[in-house]
Amino acid sequence: WVSRVPRALCVRLYSTQTQAKSSIACIRGTHDYFPTDLRKLRYISDTARNVSSLYGYSEVSTPIIEATELFSRTLGEASDVVSKEMYSFVDQGKSNITLRPEGTAGVMRAVLASGIYKSSVQKLFYSGPMFRYERPQRGRLRQFSQIGIEHIGSSHHMVDIEGIQMAAHILSELGLSEQVVLEVNSLGDSESRSAYRDVLGRYLSGVKDQLSPESQARLERGSVLRVLDSKSPQDQAIITQAPPLMNYLNTSSRTRFDTILNALQNSQNACGCEIKLNPRLVRGLDYYSHTIFEFVNKGSAGQSTVLAGGRYDGLARLMGSSADVPGFGWAAGIERLALGLKDEKVPSLPRPVAIITIPSSTHHANGAGTGDTFDAAWTICTEMRRAGISVMMGSHEANINTTKQMHRANKENASIAVIIGEDEIRKGEFSVKDLDNQTQ
């Protein structure tokens, strides 16, 4: 029957099978990180972890997988994240599971389930991978890492001020302050948002035919505020002419926001970057209230937001809590922060000490090392490593000359070389060579 199969089809089948066996590519929108890249990403998360501890935050870790309902309930069934971007599946136990697309919902779930918020305010830092099926581009991946904080249990305006200041502190430590602008706005309380939603809804309904299809869909399903977040060029002129939310804040909401803005602009509490009121900055989810903010790259095209957050006093109720549990938090993509991080900010690895053995006439039976010389070298390596010193062996093989070992030591960026031979062993003294200035 093979003779009846077209030759072209046979070639394609063979080619496909050969490719499948020869290599498996990294999934689109994900990356393999080797030591140099990973060192930069870890520097960012370590910096954020250290700075957050100065503000009294402790680290929390929640599962990467969660019940799908957690995100469909908090983000909304009709949201882009839930309807288009989540990695969801049914497991062997017939449970609907989702790889987490963001961190806040999981942290709030953990806090509510444990009940720890009842005894004290929770100040939590997290770092870890998130997953969204988005079109990959610079600074946007399908598996990405985030840092974030959640302050759960207090609605005081100082929580907002401190949280934003901490974010600015982290960006400053990373050397990114001069690259960003802090944009802030207020959504006000529920009374203010309700009044504004009615005004904005009437305005947008009057120009509905001029809106992009996506914004029309948002308007039809009641996500009025989300229209202001549209990036479609078709919507920009309409959004610019929309009535500003700030005009509809009630007295208490306006007073709260003015207090926060003044504190951020105060010279003693400066964020170290330009601060800008952005009346078009919104969050399309009803559980957000009052302060919202973003640190945005200056003059950046594409993925300009590097860190964003706000107050979410209504989230706990939405998740089924019988009590009001206010919250405030922010998150930042580590890979996106890394785009602006200069290499010189990242600490280099400790330079190793190279142990160089002078070949002798005595060898191990298995060919490894050079008799007593190798044994002495290995003993020194072990003792130095146990003392916390990074060490490399010039060679593990017999009769490798010292020139080749020195070449390897320089390639591995060793700082000094300890030279061990039969004479050195007899005398109990070893030669030490500084590989930077070549002195011995």
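These numbers come from the heavy atoms of this one structure, side chains and all, not from hydrogens, waters or symmetry mates.
With no hydrogens or angles considered, a side-chain donor-acceptor pair links Ser120 and Gln122 at under 3.5 Å. Checking Asn297 against Ser304 by side-chain atom types alone, no donor-acceptor pair falls below 3.5 Å. Side-chain contact, Glu294 with Thr305: a donor N or O sits under 3.5 Å from an acceptor N or O. Between the side chains of Ser155 and Asp313, no donor-acceptor pair of N or O atoms lies under 3.5 Å.
Contacts of His157 classified as side chain to side chain donor-acceptor pair (under 3.5 Å), with partners at least two apart in sequence or in another chain: none. Among residues two or more places apart in sequence or in another chain, the side chain to side chain contact (heavy atoms under 4.5 Å, CB included) test is passed with Asp189 by Glu191, Ser192, Asn250, Ser252, Ser253, His290.
Sorted pairs that involve residues 331-351 and meet ring pair (Phe, Tyr, Trp, His ring centres under 6.0 Å), not counting sequence neighbours, are lacking altogether. For residues 177-186, every residue pair satisfying the side chain to side chain donor-acceptor pair (under 3.5 Å) rule, not counting sequence neighbours, is listed here: Glu183-Asn278. Applying the ring pair (Phe, Tyr, Trp, His ring centres under 6.0 Å) test to every pair with at least one member in residues 97-127, sequence neighbours left out, gives no pairs at all. Applying the ring pair (Phe, Tyr, Trp, His ring centres under 6.0 Å) test to every pair with at least one member in residues 165-184, sequence neighbours left out, gives these pairs: Tyr55-His169.
Note that OG of Ser215 is 6.0 Å distant from CD1 of Ile239, once rounded to the nearest 0.5 Å. A distance of 11.0 Å separates CG of Leu174 from NZ of Lys40, quoted to the nearest 0.5 Å. In this structure, Ile44 CD1 and Arg49 CZ are separated by 12.0 Å, a value rounded to the nearest 0.5 Å. Here the CZ-CG distance, from Arg218 to Leu211, works out to 11.0 Å after rounding to the nearest 0.5 Å. A distance of 6.0 Å separates CZ of Phe89 from CG of Leu99, quoted to the nearest 0.5 Å. In this structure, CZ on Arg193 lies 13.0 Å from CG on Asp198, to the nearest 0.5 angstrom.
Partner of Leu264 under the side chain to side chain contact (heavy atoms under 4.5 Å, CB included) criterion, chosen from Thr259, Ile275, Thr291: Ile275. None of Trp330, Tyr57, Tyr312 except one satisfies the side chain to side chain donor-acceptor pair (under 3.5 Å) rule with Glu150; the exception is Tyr312.
The two residues Thr98 and Ser88 come nearest to each other via the heavy atoms OG1-OG, 2.6 Å. Between Ile334 and Ser45, the closest heavy-atom pair is CD1-CB, 4.0 Å. Residues Leu141 and Glu134 approach most closely at O-OE1, 4.5 Å, considering heavy atoms. When all heavy atoms of Ser212 and Ser232 are compared, the pair lying nearest together is CB-OG, 3.6 Å. Closest approach of Ala308 to Arg283, counting heavy atoms only: CB-NH2, 3.7 Å. Heavy atoms only, all atoms of each residue included: Leu228 and Ala242 are closest at CD2-CB, 4.2 Å.
No side-chain donor-acceptor contact under 3.5 Å links Asn266 to the backbone of Asn262. Arg39 contributes no side-chain N or O that, together with a main-chain N or O of Val346, makes up a donor-acceptor pair within less than 3.5 Å. Here the side chain of Arg311 pairs no donor or acceptor atom with the backbone of Tyr288 at under 3.5 angstrom.
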Practice problem: Take Met86 and Arg132, measure what side-chain contact (heavy atoms from CB on, under 4.5 Å) needs, and give me the verdict at the end. | Solution: CA-CA 5 Å; Met86 292 203 315; Arg132 293 192 186 188; over 6 Å; no
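Between Arg351 and Asp436 there is a salt bridge, since at least one side-chain N of the basic residue sits less than 4.0 Å from a carboxylate O of the acidic one. The pair Arg138-Glu335 fails the salt-bridge criterion, with no side-chain N (NZ, NE, NH1 or NH2) lying under 4.0 Å from an Asp/Glu carboxylate O.
Arg142 forms a cation-pi arrangement with Tyr133, by the criterion of a distance under 6.0 Å to the ring centre and an angle within 45° of the ring axis.
The environment of Ile27 atom CD1 is sparse: at most 12 non-hydrogen atoms of other residues, nucleotides or ligands sit within 6.0 angstrom. In this structure, Lys404 places its NZ atom where only 12 or fewer heavy-atom neighbours from other residues, nucleotides or ligands lie under 6.0 Å away.
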